[in-house]
Enquirer: 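Provided herewith is a single structure, encoded as structure tokens, for subsequent inquiry.
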Amino acid sequence: MAAGSIDLEVVQTVEGIREAVARARGSSAGLRVGFVPTMGALHAGHARLIERCREVADRVVVSIFVNPTQFGPTEDLAKYPRTLDRDLEVAQRAGASVVFTPTDEIIYPRGKAATFVEVPGISHVLEGAVRPTHFRGVATVVLALFEIVRPDLAVFGQKDFQQQLLIRRMVGDLHVPVEIVTEPTVREADGLAMSSRNRYLSPEERAAATVLHRALEAARAAVRGGEREAGRVRQILDRTISLERLASLDYAEVADADSLEPLVSIDASRRAVALVAARVGTTRLIDNALLAE
Ligand code: PAF
């Protein structure tokens, strides 16, 4: 495939991706290989991750793998959007030179219940409290992908704040030699964070979904205006979302941005992040914002 300026190689096997990465790294092994793991259904947010990866690495590898172990028993894995042809175009246009598209059997050769990676403290709060096996599925597949691809660095979106923190912690704890880069959330013009789930919103719900961003902006404005009590900032998030008829709040938290420990007060000694999850219609959306940057 060579429609854009960079030729795109698409590989499915472990041997294939290792050879492609070796070629991408160059004969002197001097080039930096960056990695963007995805589950496909690529949108402008993913394109930005790939572009950022291209800015900080010489070659970009993207994986497209809908990881079964991060779906709960009530979450519909079969309904997850699969748009491979379009994904390859988006990846190539954004600057990828290799796309890895493994099967379940390639990633989990001994079945899906073999070895797991848990990151206590981060795996089971917030999103992890609602989706108890989600983050061990994410940590396990990302570690497996890192071992297969062996990149120098990997780019994750701030949109999934808890996920990028989980990966950072795992990489630090297990001495995985991959630099983690976090790219700010890409938003629609009205502030809605880009997400594969936005496609499930009706036009009315789509308009209502901006309430997550509006709540986070209200929280940031309060902190900029001098509010230091985390409880009051939580109330602002809660109240803003409860005023939106089509939205129902799942959680609104103000936490330490490096540990996710809930905060009592916001001060210069640690970075604070506000995190929200809400259902808009039947679609569950998440968003976050750093406070007092
Ligand atoms: O963010 C995602 O798309 C997934 O959780 C990831 C990191 C690709 C792991 O399956």
Side-chain angles (χ1 to χ4, degrees), residues 34-37 45 48-49 52-53 56 70 116-132 134-143 145-146 151-187 193 195 212-213 215-224 226-238 250-277 286-293:
F35 180 41
V36 181
R48 180 61 204 134
L49 299 184
R52 175 73 192 281
C53 196
V56 290
Q70 68 189 77
F116 277 114
V117 181
E118 292 270 11
V119 186
I122 297 182
S123 285
H124 297 114
V125 298
L126 301 170
E127 284 304 288
V130 185
R131 307 173 73 193
H134 174 69
F135 284 119
R136 73 175 196 184
V138 172
T140 304
V141 79
V142 170
L143 184 60
L145 289 167
F146 281 178
D152 298 292
L153 62 96
V155 183
F156 292 85
Q158 188 191 321
K159 157 78 175 31
D160 294 305
F161 192 89
Q162 192 170 356
Q163 170 171 280
Q164 61 81 40
L165 197 60
L166 173 101
I167 306 298
R168 281 178 182 279
R169 181 66 61 82
M170 174 187 78
V171 159
D173 289 353
L174 300 180
H175 305 274
V176 182
V178 178
E179 181 193 334
I180 304 301
V181 176
T182 302
E183 177 64 13
T185 305
V186 179
R187 297 183 181 280
S195 163
L212 280 82
H213 178 62
L216 291 165
E217 283 302 300
R220 277 163 61 87
V223 173
R224 273 199 306 272
E227 183 57 76
R228 291 292 173 264
E229 258 188 59
R232 289 170 73 106
V233 178
R234 276 184 208 102
Q235 273 172 10
I236 291 170
L237 294 166
D238 198 324
D250 214 336
Y251 61 75
E253 188 54 277
V254 175
D256 182 311
D258 298 308
S259 68
L260 293 185
E261 189 192 321
L263 291 177
V264 174
S265 61
I266 299 164
D267 59 55
S269 69
R270 34 195 199 167
R271 291 189 319 141
V273 61
L275 305 115
V276 290
I286 58 172
D287 203 352
N288 66 82
L290 289 164
L291 298 172
E293 278 166 284

Enquirer: Do Val138 and Ile167 have side chains that get closer than 4.5 Å, going by heavy atoms?
Expert: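 Yes, side chains in contact.
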
Enquirer: Mind listing the closest non-hydrogen atom pair of His134 and Gln70 along with its distance?
Expert: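 Nearest heavy atoms, His134 then Gln70: ND1-O, 2.9 Å.
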
Enquirer: Write down the atom of Ala252, the atom of Asp238, and the distance for their closest heavy-atom approach.
Expert: CB-N, 4.4 Å

Enquirer: Taking only residues two or more places apart in sequence, or in another chain, which ones meet Arg270 in a side-chain hydrogen bond (donor to acceptor under 3.5 Å, both in side chains)?
Expert: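 side-chain hydrogen bond (donor to acceptor under 3.5 Å, both in side chains) list for Arg270, sorted by chain: Asp256.
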
Enquirer: Please report the interatomic distance CD(Glu261) to CD(Glu253), rounded to the nearest 0.5 Å.
Expert: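 Glu261 atom CD to Glu253 atom CD measures 10.5 Å (nearest 0.5 Å).
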
Enquirer: Is there a side-chain contact between Val254 and Leu237 in this structure, where contact means two heavy atoms from C-beta onward sitting under 4.5 Å apart?
Expert: yes

Enquirer: Between Ile236 and Ala219, what is the shortest heavy-atom contact and its length?
Expert: CG2-N, 4.0 Å

Enquirer: What are the two closest non-hydrogen atoms of Ala193 and Thr185, and how far apart are they?
Expert: CB-CG2, 3.6 Å

Enquirer: Can you list the residues that meet the salt bridge (charged side-chain N to carboxylate O under 4.0 Å, His left out) rule with Asp152, with sequence neighbours excluded?
Expert: Arg25

Enquirer: If I take atom CG from residue Leu49 and atom OG1 from residue Thr182, how far apart are they, to the nearest 0.5 angstrom?
Expert: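 Leu49 CG to Thr182 OG1: 10.0 Å, rounded to 0.5 Å.
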
Enquirer: Verify side-chain contact (heavy atoms from CB on, under 4.5 Å) between Leu290 and Phe161, making sure each step is shown before the conclusion.
Expert: CA-CA 10 Å; Leu290 289 164; Phe161 192 89; 4.2 Å; yes

Enquirer: Just to verify, what does Glu183 make a side-chain hydrogen bond (donor to acceptor under 3.5 Å, both in side chains) with, not counting sequence neighbours?
Expert: Arg48, Arg52

Enquirer: Using a 4.5 Å cut-off on heavy atoms from C-beta on, say whether the side chain of Val142 contacts that of Gln163.
Expert: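 The answer is no, as the side chains (C-beta and beyond) never meet within the 4.5 Å cut-off.
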
Enquirer: Using a 3.5 Å distance criterion without hydrogens, assess whether the side chain of Asn288 forms a donor-acceptor pair with backbone atoms of Lys159.
Expert: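 Yes: the side chain of Asn288 pairs with the backbone of Lys159.
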
Enquirer: Just how far is it from atom CG of Asp287 to atom OG of Ser195, taken to the nearest 0.5 Å?
Expert: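 Nearest 0.5 Å value for the CG-OG distance: 9.5 Å.
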
Enquirer: Can you give me the closest heavy-atom contact between Ile266 and Ala230, atom names plus distance?
Expert: CD1-CA, 4.3 Å

Enquirer: Tabulate below the donor-acceptor pairs under 3.5 Å that side-chain atoms of residues 117-127 make, not counting sequence neighbours, or state none.
Expert:
from	atom 1	to	atom 2	distance (Å)
Ser123	OG	Val119	N	3.2
Ser123	OG	Val119	O	3.2
Glu127	OE1	Arg284	NH1	2.8
Glu127	OE2	Tyr251	OH	2.6
Glu127	OE2	Arg284	NH1	3.3
Glu127	OE2	Arg284	NH2	2.8

Enquirer: What closest approach, in Å, do Pro151 and Phe146 show between heavy atoms, and which atom pair accounts for it?
Expert: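 Heavy atoms only, the tightest pair is CD-O, 3.7 Å.
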
Enquirer: Would you say Leu275 and Leu260 make side-chain contact, with heavy atoms under 4.5 Å?
Expert: yes

Enquirer: Please list every donor-acceptor pair under 3.5 Å in which a side-chain atom of residues 169-181 meets a protein atom from a residue at least two apart or in another chain.
Expert:
from	atom 1	to	atom 2	distance (Å)
Arg169	NH2	Asp258	O	3.2
Glu179	OE1	Arg32	NH2	2.9

Enquirer: What verdict does the side-chain contact (heavy atoms from CB on, under 4.5 Å) test give for Arg228 and Val223, after you've listed the backbone C-alpha separation in whole Å, the side-chain angles of each residue and the deciding distance to 0.1 Å?
Expert: CA-CA 6 Å; Arg228 291 292 173 264; Val223 173; 3.4 Å; yes

Enquirer: Quick one: salt bridge (charged side-chain N to carboxylate O under 4.0 Å, His left out) partners of Arg224, sequence neighbours excluded?
Expert: none

Enquirer: Rounded to the nearest 0.5 Å, how far does CZ of Phe135 lie from CZ of Phe116?
Expert: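 Those atoms lie 15.0 Å apart.
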
Enquirer: Quick one: pull up CZ in Arg131 and CZ in Arg136 and give me the separation to the nearest 0.5 Å.
Expert: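 With rounding to 0.5 Å, CZ (Arg131) is 13.5 Å from CZ (Arg136).
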
